[in-house]
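Remember, it's a predicted structure, so these values are computed and weren't measured experimentally. Residue numbers start from 1 in every chain, and the chains themselves are labelled A, B, ... in the order their sequence lines are given, proteins ahead of strands.
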Protein chains: 2
Amino acid sequence: MSGCPVEATLSVIGGKWKIVILWRLARGTMRFNELQRAISPITRKMLTEQLRELESDNLIVRTVYPVVPPKVEYSLSEYGKTFIPVMQSMAQWGLVHLERNA
Amino acid sequence: MSGCPVEATLSVIGGKWKIVILWRLARGTMRFNELQRAISPITRKMLTEQLRELESDNLIVRTVYPVVPPKVEYSLSEYGKTFIPVMQSMAQWGLVHLERNA
DNA sequence: TGACATAGTACCCAAAAAGTAACTGTAAGG
DNA sequence: CCTTACAGTTACTTTTTGGGTACTATGTCA
C-alpha cells in the first residue's frame with residue numbers, strides 16, 4: 001500500500017496468529033485439527049480465516065484428500081519458506097527478550 | 001505469556017504501528033510531530049499510545065526539553081537498537097514481496 | 001441405529017481497537 | 001489581541017476483531 005518494505009511485510013503477517021501458524025508449519029506439514037490443538041486456544045473460525053489469507057498470499061499450500069472423514073494438510077509453499085529466516089531472527093530476538101525480562 | 005520466543009517478539013511489536021515507528025527511529029531521533037507527519041495517517045492518540053508502550057518496554061527513550069512550545073524527542077534505546085537486525089530482515093523480505101507482487 | 005471424527009461454514013453478539021473532535025498551557029509573531 | 005506551534009489528554013463514537021453456538025457432509029465403528 002505504501003511501498004515501504006517493512007509495511008509490506010507487516011501487511012502479510014499482520015494477522016494475530018499468522019506468524020505462529022507459519023512458525024509451526026516451518027517444522028513440517030500439519031493437518032487442520034493438529035494446528036488447532038497446537039496453537040490453542042485459537043478457534044476454528046480464526047484458524048480458518050488466517051489459513052485462507054495465508055493461502056491467498058501464496059505463503060502456504062492447502063492439500064485436500066478426498067477421504068472421509070476429511071483430511072486437509074497445510075504446508076509452507078516455496079515462497080513461504082523464504083520467510084523462515086525472518087522468523088528465525090524474530091525467534092532469536094524473542095529469546096533474548098524473554099531472558100531479559102525473566 | 002507462552003514462552004514461545006516468536007510470540008514474545010510479537011507481543012512487543014504487536015501494535016499496529018510499532019514496527020513502523022521503530023523503523024523510523026532506527027534512522028535517527030525524531031520529534032513527536034515529525035513522527036506523526038512521517039507516519040501519517042497515524043493519529044496523535046495512536047502515536048502517543050504506541051510510543052508510551054514502546055517506552056515502557058524500554059525500546060525507545062523519551063527526552064523532554066522544558067521549552068515553549070514543548071519539544072520532545074524520541075530515539076531508540078540501546079536495547080531498541082538490538083531490534084534493528086530483525087527489522088532489516090523484514091525489510092529485505094518485504095522488498096522481494098513487493099517486487100513479486102508488482 | 002446411533003455416535004464419532006474431520007474440516008469446515010453461517011450467524012449473532014461482545015469486546016477491543018482505533019478514529020474524531022474538542023480541550024489544555026504558554027510563548028512568540030503579526 | 002488573535003493566531004500559530006507543539007505535545008499531548010479526554011470523552012465519545014465507530015469500526016474491526018474475535019468468540020460462541022449451531023449446522024453441514026459422510027464413511028467407519030460398535
Side-chain angles (χ1 to χ4, degrees), chain A residues 1-2 4 6-7 10-25 28-57 59-77, chain B residues 1-2 4 7 9-25 28-57 59-77:
Chain A
M1 191 152 259
S2 71
C4 166
V6 170
E7 288 181 59
L10 287 177
S11 75
V12 172
I13 52 134
K16 193 178 177 185
W17 304 97
K18 287 193 187 166
I19 297 191
V20 181
I21 293 171
L22 291 175
W23 190 232
R24 284 279 162 184
L25 294 181
T29 296
M30 290 181 90
R31 297 179 62 175
F32 185 88
N33 274 7
E34 245 181 319
L35 272 170
Q36 205 203 333
R37 279 188 288 267
I39 305 181
S40 74
I42 195 173
T43 59
R44 281 190 303 279
K45 181 190 165 194
M46 286 311 311
L47 183 54
T48 304
E49 280 177 16
Q50 305 279 298
L51 287 171
R52 294 288 178 275
E53 289 179 25
L54 288 169
E55 197 194 352
S56 76
D57 281 325
L59 290 167
I60 63 173
V61 176
R62 179 170 179 264
T63 312
V64 182
Y65 297 88
V67 296
V68 167
K71 178 177 177 183
V72 180
E73 282 185 348
Y74 293 91
S75 53
L76 290 191
S77 66
Chain B
M1 193 153 255
S2 69
C4 167
E7 289 182 57
T9 301
L10 288 177
S11 74
V12 171
I13 52 134
K16 192 180 177 184
W17 304 97
K18 288 195 187 165
I19 298 190
V20 182
I21 293 171
L22 292 175
W23 189 231
R24 285 279 163 182
L25 294 182
T29 297
M30 288 181 91
R31 298 179 61 175
F32 184 88
N33 275 7
E34 244 182 321
L35 272 170
Q36 205 203 332
R37 278 188 289 266
I39 305 180
S40 74
I42 194 174
T43 60
R44 281 190 301 280
K45 182 192 162 196
M46 284 312 308
L47 183 54
T48 305
E49 280 177 16
Q50 304 278 297
L51 287 170
R52 293 286 179 277
E53 289 178 27
L54 288 169
E55 197 194 351
S56 76
D57 280 325
L59 290 167
I60 63 173
V61 176
R62 179 170 178 265
T63 313
V64 182
Y65 297 87
V67 295
V68 168
K71 178 176 176 183
V72 180
E73 282 185 347
Y74 293 90
S75 53
L76 290 191
S77 67

Pairwise side-chain contact, B/N33 with B/R31, heavy-atom cut-off 4.5 Å (strictly under): no
5' to 3' contact window, DNA chain D with chain A (heavy-atom distance under 4.0 Å): D/dG18 to D/dG27
Rounded to whole Å, the CZ-C1' distance (A/F32 to C/dT6) equals 10 Å
Give A/K16 one of three labels, base, sugar-phosphate or nothing, depending on what nucleic acid heavy atoms sit under 4.0 Å from its own. sugar-phosphate
Mind checking the CD-NZ spacing from A/E7 to B/K16? Nearest 0.5 Å is all I need. 10.5 Å
Between CZ of A/R37 and C1' of C/dG8 the distance, given in whole Å, is 15 Å
Rounded distance (Å) that lies between atom C1' of C/dG19 and atom CD1 of B/I39: 17 Å
Can you pull every protein N or O that's under 3.5 Å from an N or O on nucleotides 24-30 of chain C?
none

Mind calculating the distance between CG (A/L35) and P (C/dT6) to the nearest angstrom? 13 Å
Rounded to the nearest 0.5 Å, how far apart are CH2 of B/W23 and CG of B/L76? 10.5 Å
To the nearest angstrom, how far is A/M46 atom CE from C/dT9 atom P? 13 Å
Determine the contact category for B/Y74: base if any of its heavy atoms lies under 4.0 Å from a base atom, sugar-phosphate if only primed atoms, P, OP1 or OP2 are that close, otherwise nothing. sugar-phosphate
Quick check for you: to the nearest 0.5 Å, what is the distance between A/S77 atom OG and A/I60 atom CD1? 8.5 Å
Expressed as a whole number of angstroms, how long is the span from A/Q36:CD to C/dT6:C1'? 11 Å
If you compare all heavy atoms of A/K18 against all heavy atoms of A/I13, which two are closest, and at what distance to 0.1 Å? CB-O, 4.1 Å
Test item: A/L51 and A/L35 side chains (from C-beta on) under 4.5 Å apart, heavy atoms: yes
So, B/T48 side chain and B/R44 main chain: donor-acceptor pair closer than 3.5 Å or not? yes
Output the rounded distance in Å from CH2 (B/W17) to C1' (C/dA17). 13 Å
For C/dG8, does either OP1 or OP2 sit under 4.0 Å from a side-chain N or O belonging to A/R62? yes
Can you tell me how far C1' of C/dA7 sits from CG of A/N33, to the nearest Å? 7 Å
Presence of B/R44 side-chain N/O under 4.0 Å of C/dT20 phosphate oxygens OP1/OP2: no
Hey, what do you get for CH2 (A/W17) to CD (A/E53), rounding to the nearest 0.5 Å? 14.5 Å
On a heavy-atom basis, the closest approach of B/M30 and B/A38 is CE-CB, 4.0 Å
